[in-house]
Chemist: 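Before we start, here is the structure in question, set down as structure tokens.
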Amino acid sequence: MIWGNKSGVQSRSIVQVLSALGVGLFLALPALLAAGGLRGAPYILDLLSMVGLYALLSLSLNVILGLAGMFHMGHAAFFAVGAYATANLNLTYGWPILATLPVAALMAGTLAFIVALPVIHLRGDYLLIVTIGIVEIVKIALTNDIFGLTGGPNGLIGIARPVVFGHRISQPRDFFYLIWIMVGITMILFHWLENSRFGRALKYIKEDTVAAEGMGVNTTAHKLMAFVIGAAWAGMAGTIFASKMRTISPDSFTFGESVIMFTIVILGGSGHQKGVLLGAFLVMGLPELFRDFQDMRLLAYGAALVAMMIFRPQGLWPPTPTQYRLPDPYATKYPRGDKPC
Amino acid sequence: MAHFIEQIIYGLTVGSVYALIALGYTMVYGVMKLINFAHGELFTLGAFIGFVFLGTLSWGSYFGPALAIGLTAILVAGSTALAGHFLERVAYRPLRHSDRLAAVVSALGASIFLQNVIMVVWGAQYRAFNASLLPTVVWRIFGQSVSLVRLFVFLTAVIIMLSLYLFINRTRLGLAIRAAAIDQGAARLMGVDVSRVIALVFVIGPALGGLAGLLVGIYYGQINFNMGQMYGLKAFTAAVIGGIGNIPGAMLGGLLLGLLETLADAYVSGAWKDALAFVALISILIFRPTGILPERVAEKL
């Protein structure tokens with residue numbers, strides 16, 4: 001519906017009201033749970049925080065994979081760099097956690113820039129294999145205590161909690177709010193990014209790189225930028241993860257973690273923020289309902305990926321095609337009504 | 001010097017296994033232009049099926065090592081070939097005409113699926129082969145001690161590779177495979193049943209990978225459900241080093257990577273050994289994406 005009509009506008013506002021209600025209800029969840037006096041409340045909040053953390057990671061991967069269409073399966077590497085940057089600054093220099101956020105982002109972004117620069121031009125499947133290589137190299141580096149900064153296989157222990165306006169974040173409820181507010185901010189920022197000139201160029205590159213190049217889009221620079229932005233965001237997610245867990249070790253940043261993020265984006269709907277959010281709930285949340293089948297979890301991801309590619313390659317909730325509201329071209333260009341035939 | 005030659009022998013042994021796995025990648029890539037991510041898992045499957053007969057049922061003590069290994073090898077090759085065929089039917093054939101990256105994701109999903117099936121069936125812990133399967137004979141060749149296991153692994157791999165090479169270059173079916181690899185459309189016009197060629201490639205490749213798994217099981221004596229990931233990535237590296245799509249290239253690349261890795265392990269650093277393959281992969285993709293034996297005019301990566 002390019003031109004839009006009244007009923008369309010109305011149904012849109014209903015959706016907006018409903019989603020606002022949904023968000024409000026979600027944010028009130030801790031209070032509701034506390035009021036209900038549920039015994040499992042901290043567990044539920046903790047689980048939702050994990051969902052939020054993965055939503056954050058997957059939203060950042062979505063910039064690379066969903067918008068720019070680069071098959072990147074090494075996102076855990078940048079997540080790791082952020083987490084270790086925070087841990088080191090906090091443990092060695094006593095930096096407060098939130099102050100390390102920009103440094104974590106910077107470190108992850110810089111690493112992404114360095115590793116992506118030579119390989120960014122590689123075609124889909126090759127890029128995929130290189131990014132798998134990157135995450136493996138980073139994990140080996142972490143295990144080998146590179147520069148004496150990573151504590152080897154045992155990792156780093158005793159990372160502080162974040163303090164926001166003098167309030168120390170330590171309860172599941174506090175983390176729930178911290179993480180989901182970050183998810184909200186991320187969604188707003190990335191929504192803006194997506195609809196900017198830059199975001200449109202990324203979509204163009206995804207659809208047809210050669211055509212984009214032909215229209216004067218500097219594809220290499222755009223892809224690099226998308227890669228760096230996504231990685232920097234994953235680095236900040238690493239900061240939150242480190243202070244939530246208080247202990248980080250190489251086992252948290254394996255190829256498997258990258259696979260989970262990748263699955264969330266592909267399953268949910270690559271290129272669509274709400275789809276990615278849905279993916280995070282499904283991939284992180286659903287298995288908790290079937291806790292007896294822990295072993296089957298990755299097995300199900302694998303089967304889901306195959307089935308999705310065969311039956312619904314665009315994901316469960318793909319983005320709707322972008323629509324632009326154009327002024328009536330004839331009215332402006334041909335004011336007297338002499339339309340070309 | 002003796003130490004150096006010993007490392008070379010180690011390297012060739014490991015490298016021959018890489019080469020065997022790499023052949024599966026390179027054949028599938030040659031015909032379908034698809035990285036079969038699940039190939040590493042078929043390798044693991046081969047190792048575990050070998051484990052069932054040589055470890056759990058310990059056929060070695062009933063039939064003697066030669067017959068036991070021979071029978072197991074046939075069963076391993078047969079069942080991994082079957083698994084490969086099934087994989088192609090379920091995960092790749094429906095996607096033959098869709099977006100190429102959809103096939104890549106499907107391959108990846110299949111790989112994760114298979115790996116976890118293996119874990120659910122055989123458990124996450126290391127499984128040990130029957131250690132006394134092959135007698136621990138050590139020969140001295142030119143003053144250099146060479147153990148039977150090592151020689152067995154290397155020679156078996158080389159014999160399999162030679163037979164594959166002859167099959168590809170001397171038979172009509174091999175000709176069909178080569179034709180389909182160069183241009184599927186033209187091959188179809190010349191009367192080649194490309195669908196059958198793809199099915200054939202997905203039988204031969206997994207069978208070779210499965211045999212490589214069996215060899216690894218016999219050589220190292222222990223196997224694990226996720227070993228296919230590392231071996232798979234390294235074998236893929238070997239295929240890229242040799243020039244992906246090129247069969248002799250995969251053999252050469254495998255041996256080269258094995259040598260490189262063992263020498264780095266011995267003279268540089270053991271802890272960083274596994275990172276070397278990835279560094280090699282990334283650098284070859286950057287500097288010479290066609291590999292050392294480029295197949296034909298390479299398409300742009």
Side-chain angles (χ1 to χ4, degrees), chain A residues 65 69-71 73-74 115 117-119 121-141 143-146 152 206 210 254-256 259-260 262-263 266-267 270 293-314, chain B residues 29 33-35 37-38 41 87 90-95 98-120 123-124 226 229-230 232-233 236-237 240 244 269-283 285-287 289 299-301:
Chain A
L65 171 62
M70 287 184 282
F71 273 51
M73 207 175 243
V115 298
L117 194 59
V119 298
H121 65 279
L122 291 175
R123 204 195 50 217
D125 35 3
Y126 282 92
L127 187 69
L128 188 69
I129 220 125
V130 166
T131 51
I132 294 175
I134 290 169
V135 74
E136 293 287 353
I137 291 175
V138 166
K139 193 180 172 228
I140 292 166
T143 314
N144 287 335
D145 198 6
I146 189 169
K206 181 187 182 183
V210 178
T254 53
F255 173 57
V259 170
I260 291 175
F262 194 86
T263 314
I266 296 283
L267 206 69
S270 82
F293 304 101
Q294 266 311 341
D295 290 350
M296 298 289 196
R297 196 163 138 166
L298 276 171
L299 188 151
Y301 292 165
L305 276 180
V306 175
M308 284 301 279
M309 284 306 112
I310 294 171
F311 299 112
R312 203 176 158 81
Q314 71 273 36
Chain B
Y29 192 91
K33 306 286 174 286
L34 165 76
I35 300 174
F37 278 99
E41 273 58 49
L87 172 77
V90 174
Y92 301 151
R93 189 168 294 186
L95 293 167
S98 63
D99 186 22
R100 194 161 144 180
L101 293 177
V104 173
V105 176
S106 178
L108 201 81
S111 149
I112 298 164
F113 176 77
L114 271 176
Q115 188 179 347
N116 286 280
V117 167
I118 293 171
M119 190 192 83
V120 168
N226 61 8
Q229 195 178 314
M230 207 37 122
L233 281 169
F236 178 77
T237 306
V240 173
I244 192 146
S269 156
W272 289 89
K273 187 187 82 170
D274 286 336
L276 179 84
F278 300 115
V279 174
L281 174 69
I282 294 172
S283 13
L285 281 175
I286 296 169
F287 297 113
E299 53 185 321
K300 199 169 174 349
L301 298 182

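These numbers were taken from a predicted model, which means no experiment stands behind them. Letters A, B, ... mirror the listed sequences (proteins, then strands); counts begin at 1.
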Chemist: What part of A/M73 gets within 4.5 angstrom of chain B, counting heavy atoms only: side chain, backbone, both, or neither?
Modeler: side chain
Chemist: Taking every heavy-atom pair that is under 4.5 Å apart, which of A/A300, A/G133, A/G256, A/P313 has the most such pairs with chain B?
Modeler: A/G133
Chemist: For each of A/I137, A/N144, A/T263, tally heavy-atom pairs with chain B at distances under 4.5 Å, and name the one with the top tally.
Modeler: A/N144
Chemist: In Å, rounded to the nearest 0.5 Å, how long is the span from NZ of A/K139 to CG of B/D274?
Modeler: 10.0 Å
Chemist: Just so I understand: if I count every heavy-atom pair under 4.5 Å between each of B/A107, B/A275, B/S111 and chain A, which residue has the most?
Modeler: B/A275
Chemist: May I ask you to decide if the ring planes of A/Y126 and B/Y29 are parallel, tilted or perpendicular, using 30° and 60° as cut-offs?
Modeler: perpendicular
Chemist: For the interface with chain B, which of A/I134, A/I310, A/V130 has the highest count of heavy-atom pairs at distances below 4.5 Å?
Modeler: A/I310
Chemist: Measuring only between side-chain heavy atoms, which start at C-beta, is A/L305 closer than 4.5 Å to B/F113?
Modeler: no
Chemist: Report the C-alpha separation of A/V119 and B/L285 in whole Å, then their side-chain angles, then the decisive distance to 0.1 Å, and conclude whether the side chain to side chain contact (heavy atoms under 4.5 Å, CB included) test is met.
Modeler: CA-CA 8 Å; A/V119 298; B/L285 281 175; 6.0 Å; no
Chemist: Please look at A/A307 and chain B and tell me whether the side chain, the backbone, both or neither of the residue comes under 4.5 angstrom of a heavy atom of that chain.
Modeler: neither
Chemist: Nearest 0.5 angstrom please: A/E136 CD to B/L233 CG, how far?
Modeler: 6.5 Å
Chemist: For A/I146, is it the side chain, the backbone, both, or neither that has a heavy atom closer than 4.5 Å to a heavy atom of chain B?
Modeler: side chain
Chemist: Between A/F262 and B/V105, is there a side-chain heavy-atom distance shorter than 4.5 Å?
Modeler: yes
Chemist: Would a 4.5 Å heavy-atom cut-off, applied to side chains only, mark A/I129 and B/F37 as touching?
Modeler: yes
Chemist: What pair of heavy atoms forms the shortest contact from A/V306 to B/A110, and how long is it?
Modeler: CG2-N, 3.4 Å
Chemist: Heavy-atom distances under 4.5 Å only: say whether B/Q229 touches chain A with side chain, backbone, both or neither.
Modeler: side chain
Chemist: Within the 4.5 Å heavy-atom criterion, are A/F71 and B/L108 side-chain neighbours or not?
Modeler: no
Chemist: Among the options A/I140, A/T143, A/I132, pick out the one with the most heavy-atom pairs lying under 4.5 Å from chain B.
Modeler: A/I140
